[in-house]
Amino acid sequence: MPQRGLHMSKEITSMQEDYSQWYNDLVIKAGLADYSAVRGCMVIKPYGYAIWENMQKQLDSMFKETGHQNAYFPLFVPKSLFEAEETNAEGFAKECAIVTHYRLKADPDHKGKLIVDPEAKLEEELVVRPTSEAIIWNTYKGWIQSYRDLPLLINQWANVVRWEMRTRLFLRTTEFLWQEGHTAHATEKEAIDETVQMLNVYADFAETYMALPVIKGVKSANERFAGAVDTYCIEALMQDGKALQAGTSHFLGQNFAKAFDVKFTDKENKLDFVWATSWGVSTRLIGALVMAHSDDQGLVLPPKLAPIQVVIVPIFKGEEQKQLIDEKVIALMQQLKAAGISVKYDDNDNNRPGWKFAEYEMKGIPVRIAIGARDLANNVVEVARRDTKEKMSFSMDGLSERIITLLDEIQLAIFNKAKNFRDDRVTPADTWDEFLKLLDEKPGFISAHWDGTGETEDKIKELAKATIRCIPLNNELENGKCIFTGNASKQRVLFARAY
RNA sequence: CGGGAUGUAGCGCAGCCCGGUAGCGCACUAGGCUGGGGGUCUAGGGGUCGCAAGUUCGAAUCUUGUCAUCCCGACCA
């Protein structure tokens with residue numbers, strides 16, 4: 001049962017007052033998700049799911065354009081398969097849900113209650129997948145014999161379960177939705193190219209569609225995916241200055257091929273293990289979307305992902321006026337739909353215009369059009385954009401062209417705003433004191449030298465609660481001294497406090 | 001798993017200390033006046049007070065247990 005919610009007010013906690021509460025309020029009030037009866041698990045409501053569907057649609061087409069096909073693998077992984085790749089297994093072991101039984105029976109001591117039937121114990125436990133490398137590589141073994149079978153480029157849309165101690169709507173839930181790509185290649189270079197290619201797909205998606213500027217980089221050993229040789233990532237900055245990992249692409253080397261004995265015969269008839277990648281993004285991106293752009297009035301959605309791009313609100317007195325407006329709106333809607341714009345006409349008479357204005361601001365609909373008798377007389381509509389709250393008057397003639405332009409402008413404006421914010425918060429630090437001060441006073445990415453050891457990284461994490469988000473791909477080499485130990489360093493890395 | 005809090009109408013809460021007819025706001029239903037930034041009036045409907053035991057003539061209220069959720073921390077996409 002949700003606690004600590006808002007009073008009956010239709011407002012949300014302000015960002016400044018309590019960022020974390022602002023986020024929770026927003027997700028609930030905008031109708032993206034609900035808490036559920038299951039600890040750590042949420043219900044994704046239709047409006048939130050519609051955003052996910054738009055993300056899926058776009059990503060899926062990008063995956064297909066780069067040669068991937070969709071497939072589906074089982075939710076359960078036999079424990080013996082799960083433990084095959086040791087690093088991967090160890091990394092996920094402490095957050096796995098396990099199926100041990102397959103049957104319930106009536107509780108002899110409590111009428112109407114059920115207990116686990118001790119006689120229905122599984123011989124081998126099943127792990128509910130926290131990620132699917134194990135089951136997929138076990139399957140790939142049967143699919144790959146020759147270099148002619150490669151590359152194998154597969155993606156799956158799925159749910160996974162990670163038993164997190166502490167959860168947050170969209171950002172970290174026990175069960176979450178994602179896609180995971182799993183590819184097999186004949187050469188190391190090809191696999192690395194694939195890893196980078198998919199990182200670029202993610203970065204392009206984040207920036208072009210989510211209007212979310214990201215930094216592409218490589219993870220330090222500490223932060224690397226369990227079982228990977230290298231983890232590439234895109235890192236974004238939220239409005240509270242905390243970083244959020246928005247997607248990862250892993251170069252897995254031959255680790256999984258070796259663990260599952262996946263070999264192929266090359267052109268010279270020599271046997272070798274295949275090279276692997278995996279990459280994924282999750283419903284966490286919805287959390288990123290919310291935290292990156294929204295404000296105290298509600299969501300701000302980028303037009304390219306908004307389930308509804310334009311909402312039309314009629315303003316009328318009496319049925320006669322309403323009918324005149326209806327007629328005009330139907331024609332305008334046809335025009336807008338023909339131009340590929342998703343549009344909703346809210347002529348629900350239960351709520352008044354003011355209520356609707358506030359409601360659609362909460363929902364982050366990019367453009368609102370209001371039409372009243374006054375507008376009809378002048379052949380115009382009132383157009384309000386969500387991101388700036390600016391109101392304009394557009395002629396009804398050629399409306400769709402102007403709306404298309406406006407949606408593009410909004411998309412760009414949201415991106416630029418986020419980018420300016422992010423750029424302003426990538427700050428260099430050269431001393432430990434400066435580093436600590438920046439974390440508190442100007443949270444964001446801190447660019448600093450690091451001696452390259454995991455021990456140092458651990459200590460910094462312990463003392464400053466900041467981690468290395470990534471070593472940016474476009475980094476310039478520069479001699480310096482580690483912010484913490486003073487040891488030699490060849491480049492700066494990005495630190496931040498993160499979600 | 002440690003710390004803190006909360007479960008009472010669809011939602012948000014009061015009532016509990018000091019046991020005695022279950023309340024308020026919003027939402028909902030019907031109708032009216034309204035309508036360019038969360039309107040208003042009238043009349044209504046809706047509850048095994050998380051669950052289970054106990055104390056008592058009597059429990060939302062006291063006791064014990066239990067389940068669940070939220071927040072903070074450690075862990076993590």
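Reminder, nothing fancy here: chain letters follow the sequence lines and each chain counts from 1. Heavy atoms only: backbone and side chains are in, while hydrogens, waters and symmetry mates are out. On a predicted model such as this, the values are computed, not experimentally measured, just so you know.
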(message) Going by the rule salt bridge (Lys or Arg N to Asp or Glu O under 4.0 Å), which residues pair with A:Glu409 if we only count those two or more places apart in sequence or in a different chain?
(response) A:Arg385

(request) Round to the nearest Å and state the distance from A:Leu169 atom CG to B:C71 atom P. (result) 7 Å

(message) For the C1' atoms, the ones on B:C62 and on B:C76, what distance do you get once it is rounded to whole angstrom?
(response) 43 Å

(message) Can you measure A:Tyr19 atom OH to B:C71 atom C1' for me and round it to whole angstrom units?
(response) 18 Å

What are the atom names and distances for every N/O pair under 3.5 Å that joins the protein to nucleotides 73-75 of chain B?
residue, atom, partner, partner atom, Å
B:G73, OP2, A:Arg166, NH1, 3.1

(message) Tell me which pairs pass salt bridge (charged side-chain N to carboxylate O under 4.0 Å, His left out) where either residue lies in residues 207-222 of chain A, with sequence neighbours left out.
(response) A:Lys219-A:Glu235

(request) Could you give me the CA-CA distance, side-chain angles and deciding distance for A:Arg497 and A:Asp240, then say whether salt bridge (charged side-chain N to carboxylate O under 4.0 Å, His left out) is met? (result) CA-CA 10 Å; A:Arg497 288 186 177 143; A:Asp240 61 348; over 6 Å; no

(request) For nucleotides B:G7 and B:C16, find the distance between their P atoms and express it as a whole number of Å. (result) 13 Å

(request) Measure from CD1 on A:Ile312 to C1' on B:G36 and round the result to the nearest Å. (result) 16 Å

(message) How long is the straight-line distance from CG of A:Asp326 back to CE of A:Met333, given to the nearest 0.5 Å?
(response) 10.0 Å

(request) Take atom C1' in B:A74 and the same atom in B:G4, then report the distance between them in whole Å. (result) 16 Å

(message) What contact category does A:Phe176 fall into here, base, sugar-phosphate, or nothing, at under 4.0 angstrom with non-hydrogen atoms?
(response) base

(message) So that I know where these two stand, are A:Phe445 and A:Phe495 an aromatic pair - ring centroids less than 6.0 Å apart?
(response) no

(message) If you assign A:Glu382 and A:Ser20 each to the RNA chain B nucleotide with the nearest heavy atom, which residue ends up on the more 5' nucleotide?
(response) A:Glu382

(request) Using both distances under 3.5 Å as the test, list the Watson-Crick or G-U wobble partner of B:G44, or none. (result) B:C28

(message) Taking any heavy-atom pair under 4.0 Å as a contact, classify A:Leu171: base, sugar-phosphate, or nothing.
(response) base

(request) Return no unless some side-chain N or O of A:Arg352 is found under 4.0 Å from OP1 or OP2 of B:G39. (result) yes

(request) Check the distance between B:C71's P and A:Asn24's CG and give it to me in whole angstrom. (result) 5 Å

(message) Expressed as a whole number of angstroms, how long is the span from A:Ile325:CD1 to B:G35:C1'?
(response) 10 Å

Please list every donor-acceptor pair under 3.5 Å in which a side-chain atom of residues 221-231 of chain A meets a protein atom from a residue at least two apart or in another chain.
residue, atom, partner, partner atom, Å
A:Asn222, ND2, A:Gly454, O, 3.3
A:Asn222, ND2, A:Glu457, OE1, 3.4
A:Asn222, ND2, A:Asp458, OD1, 3.0
A:Arg224, NE, A:Val229, O, 3.1
A:Thr231, OG1, A:Phe225, N, 2.9
A:Thr231, OG1, A:His250, ND1, 2.9

(request) Please tell me which of the listed nucleotides, B:G35, B:G37, B:G36, lies nearest to the side chain of A:Ala358? (result) B:G37

(request) Would you please indicate if the ring centroids of A:Phe63 and A:Trp279 are separated by under 6.0 Å? (result) yes

(request) Establish whether the base of B:G36 is bridged to the side chain of A:Lys356 by a donor-acceptor pair shorter than 3.5 Å. (result) no

(message) Measure CD1/A:Ile371 against C1'/B:G37 and give the value in whole Å, please.
(response) 17 Å

(message) Just to verify, what does A:Glu53 make a side chain to side chain donor-acceptor pair (under 3.5 Å) with, not counting sequence neighbours?
(response) none

(request) Give every residue pair that meets the salt bridge (charged side-chain N to carboxylate O under 4.0 Å, His left out) criterion with at least one member in residues 170-180 of chain A, sequence neighbours excluded. (result) none

(message) I need the CZ-C1' distance between A:Arg374 and B:G37, as an integer number of Å.
(response) 13 Å

(request) Measure distances between side-chain N and O atoms of A:Asp375 and base N and O atoms of B:G36, and say whether any donor-acceptor pair falls under 3.5 Å. (result) yes

(request) Please state the P separation for the pair B:C49 and B:U42 - nearest whole angstrom. (result) 32 Å

(request) Please state whether the base of B:G37 and the side chain of A:Arg368 form at least one donor-acceptor pair under 3.5 Å? (result) yes

(message) Which residues in residues 314-322 of chain A have a heavy atom closer than 4.0 Å to any atom of RNA chain B?
(response) A:Ile315, A:Phe316, A:Lys317, A:Gly318

(message) Considering only residues two or more places apart or on different chains, which pairs with a residue in residues 357-382 of chain A satisfy ring-ring contact (aromatic ring centres under 6.0 Å, His included)?
(response) none

(message) Which is more 5' along RNA chain B, the nucleotide nearest A:Ala384 or the one nearest A:Asn350? Just name the residue.
(response) A:Asn350

(request) Select one nucleotide: of B:G37, B:C70, B:G39, the one nearest the side-chain heavy atoms of A:Phe357. (result) B:G37

(message) For the P atoms, the ones on B:U61 and on B:G50, what distance do you get once it is rounded to whole angstrom?
(response) 8 Å

(message) If I take atom CG in residue A:Asn351 and atom P in nucleotide B:G36, what distance separates them, rounded to the nearest angstrom?
(response) 13 Å

(request) Check salt bridge (Lys or Arg N to Asp or Glu O under 4.0 Å) between A:Arg103 and all other residues, then give those that pass, not counting sequence neighbours. (result) A:Asp117

(message) For a quick check of understanding: with a heavy-atom distance under 4.0 Å over all strands, which category does A:Ala246 fall into, base, sugar-phosphate or nothing?
(response) nothing

(request) May I ask you to say what A:Thr173 touches in the nucleic acid, namely base, sugar-phosphate or nothing, with a heavy-atom cut-off under 4.0 Å? (result) base

